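To keep things clear, I will list the structure first and then write my remarks on it.
Throughout, a chain's letter reflects where its sequence line sits, starting with A, and its residues are numbered from 1. Just so we're clear, the structure is a prediction, and the values are computed from it rather than from any experiment.
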Amino acid sequence: MTGTNKQVLLDPLINNNPVALQALGVCSALAVTTSLLPALLMSASLISVIVFASVAVSLIRHHMPRNVRIIIQITIISSLVIIVDQVLKTYAYETSKQLSVFVGLIITNCIVLARTEGFAMKNTVGLSFLDGLGNGLGYSAILIVVAGVREILGAGSLLGYPVITLVRDGGWYQANSIMAMAPGGFFVIGLLIWLLRSKKDIAFEEEEYRAPVQTQAKTV
Amino acid sequence: MTNKDTSTSNRNTDSIVNTIVIVLLVSLVCSVLVSTTAILLKPIQQQNQLARSSLNNILPLMEAMQLDIDPETIFGNMQVRIVDLETGEYNNDIDVTSFDPRQAVQDPALSISIPESEDIAGIGQRAKYALVYLVREGQALKYILLPISGRGMWSTLYGYIVLEADADTIAAIKLVEHGETPGIGDKVDDPAWLQQWRGKLAYENGKAAINVVKRRTATTSPYEVDAITGATLTSQGVGRAVQYWLGEHGFQSYLAKLQEESP
């Protein structure tokens with residue numbers, strides 16, 4: 001992989017993570033992460049949509065009329081989401097019911113539109129593919145980590161298999177019900193964002209104004 | 001970092017002709033892709049649906065409803081029949097294993113349009129036939145499982161109501177499918193609320209009286225179930241579904257006939 005390609009693919013994984021750093025797609029990241037399986041399916045759905053959408057937009061970018069370009073991008077994204085939703089309903093019906101409206105809401109997920117409008121409109125098909133994949137993987141990474149934490153702490157299981165014995169099953173761990181609810185998701189994502197930003201020394205705001213240091217007292 | 005290719009031919013892409021052409025082309029391609037997918041997947045989805053509502057799924061449903069049944073012997077003691085809702089008689093010509101209730105509702109030959117004044121449950125169409133499940137203990141009838149459906153707040157609710165042998169006392173109720181708001185409307189799945197239905201009476205003076213009502217304090221009437229706070233519309237949707245299907249246009253004539261036959 002060339003230097004640029006590698007950068008386009010790997011950047012959104014940590015350095016420019018769509019959820020943690022660009023602050024996009026947070027609501028679905030909260031809603032589908034109560035357990036790991038829906039999070040995995042949601043990640044797969046989003047990656048499919050964002051990759052195909054980026055490629056499609058990049059393919060027609062030279063012919064795209066500027067004044068209707070957002071509508072056209074949304075049309076493409078919506079069609080892809082409908083297709084993915086139908087596939088999920090056919091082959092993973094139980095989990096698709098758990099995901100309920102959130103697969104459909106991929107249409108409004110800011111990440112997808114941000115990449116098609118912000119990157120695919122101005123870049124080659126190959127790079128757009130990698131960018132879509134990178135951002136999709138970045139989103140998935142967050143989802144998987146958050147869902148893993150929430151499922152273990154909230155239900156003592158992972159992918160449905162018990163990992164920690166709960167008190168109600170005769171074990172020692174009292175399931176943390178906050179983790180099973182939205183605020184728990186907020187906490188985990190918040191901690192993740194904090195972790196990523198402090199480790200990577202990125203997204204620190206530059207001080208806009210620095211008062212000059214006085215070395216001498218001013219005499220009136 | 002990223003390659004930016006210099007955009008050329010701006011004038012050209014913004015022309016009215018190009019705009020219309022591109023919009024039409026994109027719409028065409030998208031429609032073809034979406035319809036093709038839908039058409040290809042529909043048969044599989046229907047098969048799955050049928051498999052889901054087949055006999056095998058009734059058992060877990062009954063267990064979830066905490067009915068007093070023995071899973072070992074249940075299949076030997078259960079009878080599935082098709083009922084003609086108009087006459088209340090059994091229909092012995094239709095094959096129970098291949099009868100798809102969802103498809104029947106949409107088939108003009110197998111369904112009727114419900115006049116608005118009768119359509120308490122807001123479902124518009126009703127199939128002429130319905131599956132009923134009878135559970136016996138020895139020779140005696142124990143439970144009657146009836147499928148119900150009705151309009152909730154956002155979606156159609158599908159479920160089953162179970163009556164005891166007197167065809168009046170409600171043994172259990174449960175929804176098997178709905179698209180209500182997660183965390184709010186889906187409180188109709190809460191076992192605590194479903195438990196309220198147990199022991200309530202369906203009929204008063206020959207009319208389907210059981211309903212979901214919103215009162216300031218918990219109801220004491222055997223014909224009423226409290227609506228769920230914050231999910232009134234959805235829980236009342238369940239009430240209306242029960243009202244319709246236990247009423248004169250639903251299973252009432254069948255239940256009357258059933259009572260005449262077996263003591």
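- Nearest heavy-atom pair, A:Ser128 versus A:Asn123, reported as atom, atom and distance to 0.1 Å: OG-O, 3.5 Å.
- Interface residue A:Ile76: backbone and side-chain heavy atoms are both found under 4.5 Å from chain B.
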(request) In sequence, state the C-alpha distance, the side-chain angles, and the governing distance for B:Gln106 and B:Ser111, and then conclude on side chain to side chain donor-acceptor pair (under 3.5 Å). (result) CA-CA 7 Å; B:Gln106 293 170 345; B:Ser111 61; over 6 Å; no

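- Note that B:Arg81 lies outside the cation-pi zone of B:Tyr129, set by a 6.0 Å cut-off to the ring centre and a 45° limit from the axis.
- Other residues, nucleotides and ligands contribute more than 12 heavy atoms inside 6.0 Å of the CD1 atom of B:Ile44.
- Using a 4.5 Å cut-off between heavy atoms, A:Ile60 touches chain B through its side chain atoms alone.
- Heavy atoms closer than 4.5 Å to chain B are found nowhere in A:Val101, neither backbone nor side chain.
- Comparing B:Leu33, B:Leu41, B:Leu40 by heavy-atom pairs within less than 4.5 Å of chain A, the highest count is held by B:Leu41.
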